[in-house]
Amino acid sequence: MSTEEIQCKLHSTKSAERRRAAKEIGKLKIHELADELYSAYLNELNDKRTWETQVEMILALGQLNYKNAINDINKIVKANAPHDMITYAAAQTYVRLQRQSLEDASPILELLAFGGLSIVDGCLNPLGYDIMQPPAYQIKELITLTWNLHKHKDYESGYGDPRYGIAAACAGWDKNLTQHFLEHCIETADGYTPLIYVSENSLKGKYVTLR
């Protein structure tokens, strides 16, 4: 799709087309549509049935590093709903809007300190998807805080293991810092194939982000 076609779909009366447009804007990083995307997102809030479209819009705003959305994202994060896809998306966007660079994991550490399942699961995804490279001291703290996230108080059967994002990121980090963590993830994955797969690949230094 051309930028003009994506722009047109963003204002479609069909939620599926607006959702697709938002996804393309984020994926292609079409910054000239950032203001329109944000306005479309604010309009989308009026219809609770379109949560899937809101998720894609929130993610796209983060991919565009659209700082004007931080207050809206912060409200969702502070509400801290434990089993909620909008919160899961907002946690990812919060990290992308608040970090100073791809070497800065401080917003993730902030969210891990208080977050429910949706927050902790979402905030770890940018580590792997964005190939973040935090300093060794932050990597050590991240591993300490996520070591037993599979035992998070909000975890329920059917939810993916929240350690997926950090396990994927470990592919590019010092193996001396990550090897025991990745082996622990494999041992405690409880049959969750995506975590096992990314952990095994990260042990080989191969990036995998399939979720």
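What's counted below: heavy atoms across the whole structure, side chains too, no hydrogens, waters or symmetry copies.
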Any Pro126 side-chain heavy atom under 4.5 Å of Arg96 side chain: yes
A side-chain contact here means heavy atoms from C-beta on lying under 4.5 Å apart; do Val120 and Tyr88 qualify? no
Note, Arg20 side chain near Glu56 side chain (heavy atom, < 4.5 Å): no
From Trp51 atom CH2 to Arg19 atom CZ, the distance as rounded to the nearest 0.5 Å: 8.5 Å
Contact summary for Leu117 and Pro82, nearest pair of heavy atoms: CB-O, 3.4 Å
Among residues at least two apart in sequence or on other chains, which ones pass ring-ring contact (aromatic ring centres under 6.0 Å, His included) with His184? Trp147, His150
Verify, without hydrogens or angle tests, whether Thr50 (side chain) and Asp47 (backbone) share a donor-acceptor contact under 3.5 angstrom. yes
If only side-chain N and O atoms count, and only distance matters, is there a donor-acceptor pair under 3.5 Å linking Ser15 with Thr53? yes
Restricting to ring-ring contact (aromatic ring centres under 6.0 Å, His included), what partner residues turn up for His11, sequence neighbours left out? none
I'd like to know whether Leu124 forms a side chain to side chain contact (heavy atoms under 4.5 Å, CB included) with Thr146, so could you lay out the CA-CA distance, the side-chain angles of the two residues, the decisive distance to 0.1 Å, and finally the verdict. CA-CA 9 Å; Leu124 292 170; Thr146 60; 3.9 Å; yes
Check the surroundings of atom NE2 in His180: do more than 12 heavy atoms from other residues, nucleotides or ligands lie under 6.0 Å from it? no
Take Lys75 and Lys78, measure what side chain to side chain contact (heavy atoms under 4.5 Å, CB included) needs, and give me the verdict at the end. CA-CA 5 Å; Lys75 289 176 184 177; Lys78 285 187 179 300; 6.0 Å; no
Polar side chain donor-acceptor pair, Thr13 to Arg18, under 3.5 angstrom: no
Going hydrophobic residue to hydrophobic residue with side-chain gaps under 4.5 angstrom, can you get from Tyr207 over to Leu177? no
Assigning hydrophobic clusters by single linkage (Ile, Leu, Val, Met, Phe, Trp, Tyr; side-chain heavy-atom cutoff under 4.5 Å), is Leu28 placed with Ile25? yes
Not counting sequence neighbours, which residues clear side chain to side chain donor-acceptor pair (under 3.5 Å) with Asn201? List them please. none
Between the CG atom in Asp121 and the CG atom in Leu111, the distance rounded to the nearest 0.5 Å is 12.5 Å
Between Tyr94 and Ile76, does the side chain to side chain contact (heavy atoms under 4.5 Å, CB included) criterion hold? Intermediate values first, please. CA-CA 10 Å; Tyr94 182 88; Ile76 300 171; over 6 Å; no
Residues 57-67, side-chain donor-acceptor partners within the protein, below 3.5 Å, at least two apart:
from  : atom 1 : to    : atom 2 : distance (Å)
Asn65 : OD1    : Lys67 : NZ     : 3.3
Tyr66 : OH     : Asp35 : OD1    : 2.6
Tyr66 : OH     : Asn68 : ND2    : 3.4
Lys67 : NZ     : Leu97 : O      : 2.4

Backbone N/O of Asp84 and side chain of Ser118: donor-acceptor pair under 3.5 Å: yes
Looking at Ala22 and Leu37, what are the two nearest heavy atoms and their distance? CB-CD1, 4.0 Å
Calculate, to the nearest 0.5 Å, the distance between atoms CD1 and CD belonging to Ile86 and Gln54 respectively. 4.0 Å
In sequence, state the C-alpha distance, the side-chain angles, and the governing distance for Asp174 and Lys140, and then conclude on salt bridge (charged side-chain N to carboxylate O under 4.0 Å, His left out). CA-CA 11 Å; Asp174 185 348; Lys140 291 176 183 177; over 6 Å; no
SB check Asp130 Arg99 (cutoff 4.0 Å): yes
Partner set under side chain to side chain donor-acceptor pair (under 3.5 Å) for Asn80, not counting sequence neighbours: none
Just how far is it from atom CD1 of Ile30 to atom OG1 of Thr3, taken to the nearest 0.5 Å? 4.5 Å
Taking atom CG as the centre, does Asp190 end up with more than 12 heavy-atom neighbours from other residues, nucleotides or ligands that are less than 6.0 angstrom away? no
Going by heavy atoms in the side chains, are Arg163 and Leu195 under 4.5 Å from each other? yes
Once rounded to the nearest 0.5 Å, what's the spacing between atom CE of Met132 and atom CG of Leu102? 6.0 Å
Partner residues of Ser202 under the side-chain contact (heavy atoms from CB on, under 4.5 Å) criterion, sequence neighbours left out: Cys170, Ala171, Leu182
Closest non-hydrogen atom pair, Gly128 against Ala169: N-CB, 3.7 Å
Side-chain heavy atoms nearer than 4.5 Å, only ILVMFWY residues, links allowed to pass through others: does that put Ile131 and Val95 together? no
Stepwise, does the side chain to side chain contact (heavy atoms under 4.5 Å, CB included) test hold for Ser106 with Gln138? CA-CA 8 Å; Ser106 57; Gln138 286 191 340; 4.1 Å; yes
Any sub-3.5 Å donor-acceptor pair from Glu5's side-chain atoms to Ser2's backbone N or O? yes
Can you measure from CG (Asp154) to CD1 (Ile119) and round to the nearest 0.5 angstrom? 10.5 Å
Counting C-beta onward and ignoring hydrogens, is there a side-chain heavy-atom pair between Leu112 and Leu142 closer than 4.5 Å? yes
Give the minimum heavy-atom separation between Glu103 and Pro135, together with the two atoms involved. O-CD, 3.1 Å
Could you check if a side-chain atom of Ile108 sits within less than 4.5 angstrom of a side-chain atom of Leu127, using non-hydrogen atoms only? yes
Is there a donor in the side chain of Tyr164 and an acceptor in the side chain of Asn125, or the other way round, less than 3.5 Å apart? no
Taking C-beta and beyond as the side chain, do Ile6 and Leu10 meet within less than 4.5 Å on heavy atoms? no
With side chains defined as the heavy atoms from C-beta onward, is the minimum distance between Ile186 and Leu203 less than 4.5 Å? yes
